[in-house]
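Residue indices begin at 1 and follow the sequence shown. All ligand and atom numbering here is 1-based and tracks the order in the structure. These numbers come from the heavy atoms of this one structure, side chains and all, not from hydrogens, waters or symmetry mates.
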Amino acid sequence: MNTDALTPRALILAQARRFEAAGIPDPLTDAAALLAHVTGKHALSLRLDTDSRLSAAALHEYETLCRRRLDREPLQWILGTQSFMGYDFEVCMDVLIPRPETELLAEHAIARLQDLPAPRVLDLCCGSGCIAVSVALALPGAPVTGSDLSAEALAVAARNAMRLGAQVRFVRSDLFTDIDSGPFDLIVSNPPYIPSAVCETLQEEVRREPMMALDGGPDGLYFYRRIAKEAPSHLTSGGRLLMETGHDQHAAVAALLAENGFREIHPLYDYAGIPRITEAVC
Ligand code: GLN
């Protein structure tokens, strides 16, 4: 047997070729991340390792995980976590996997609250809890509430808060229906915003994620419409609303906010110059 084929580097390259042939978007990254998960070693050093050999048990486990990925299971479900704002969040089929671009939303929320004593914060549609937990960890004195319609998502969010040591109150609510605390100094939200028809065309991995976290109704604006209307009665005067918006939705969301009396409505851009967030003051 050619044992050179069992070095981490050779294994990763072989798996990456299988992934690539199956149309998996980032074959090399995924092949290395899965081996890192199995061995507890760093992905980059494994990619360069032409010396060590893997045990039979490790090889078997790697093969099992790679088969799941070949079946287009999202990488983060297999790993069980996704990093967000420097913290590892548990993820599973009950929550949307936190996206890197949403870190911008958490960063802006934290920046806006930095100088307020004990600001009250609500994260609507909190999913895994990544925004609520990151805000609570950055602002330990702030009462933070996270809400979601999905009881399963709230269970994941509560585990994330507990494991990361964040104080967050979680409430099951259809947007504001069961929100009884407040008024809030800031409401932050990454609601579902993908138009229903587009949901069917998404990448295979994304289509496995909970549709209720992605589907924003026929025009993608269903949740913004409701939030724009209902948020003012849950915000302090001068309170802020920060919402992630789809790449082409800022103008439509801004119009909804203006109709409902918000002021200082403006987009915040990501590093690629895309308007990612719509901000407004009540
Ligand atoms: N940005 C997410 C995606 O690309 C969508 C998140 C949402 O609907 N809030 O799939």
Check step by step if ring pair (Phe, Tyr, Trp, His ring centres under 6.0 Å) holds for Phe184 and His234. CA-CA 6 Å; Phe184 298 96; His234 296 271; 7.2 Å; no
Please give me the minimum heavy-atom distance between Cys126 and Asp148, naming the atom from each residue. N-OD2, 3.2 Å
shortest atom 4 (O) of ligand 1-to-protein heavy-atom contact is with Arg99 NE, 3.8 Å
Write out the residue and atom name of the closest protein heavy atom to atom 1 (N) of ligand 1, then the distance separating them to 0.1 Å. Tyr193 OH, 3.0 Å
Leu214: numbered ligand 1 atoms lying under 4.0 Å from its heavy atoms: 5 (C), 8 (O), 10 (O)
Can you sort out which atoms of ligand 1 are near Asn190, meaning under 4.0 Å from one of its heavy atoms? 7 (C), 9 (N)
Indicate yes or no: does Asp219 engage Arg225 in a salt bridge with an N to O separation below 4.0 Å. yes
Check whether any N or O atom of Pro191, backbone or side chain, sits under 3.5 Å from an N or O atom of ligand 1, and answer yes or no. yes
Does Gly216 come within less than 4.0 Å of ligand 1, judged by its heavy atoms? no
Spell out, as yes or no, whether a donor-acceptor pair under 3.5 Å connects the side chain of Arg47 to the backbone of Leu13. no
Any donor and acceptor pair, going by atom type alone, linking the side chain of Tyr62 with main-chain N or O of Ala31 inside 3.5 Å? yes
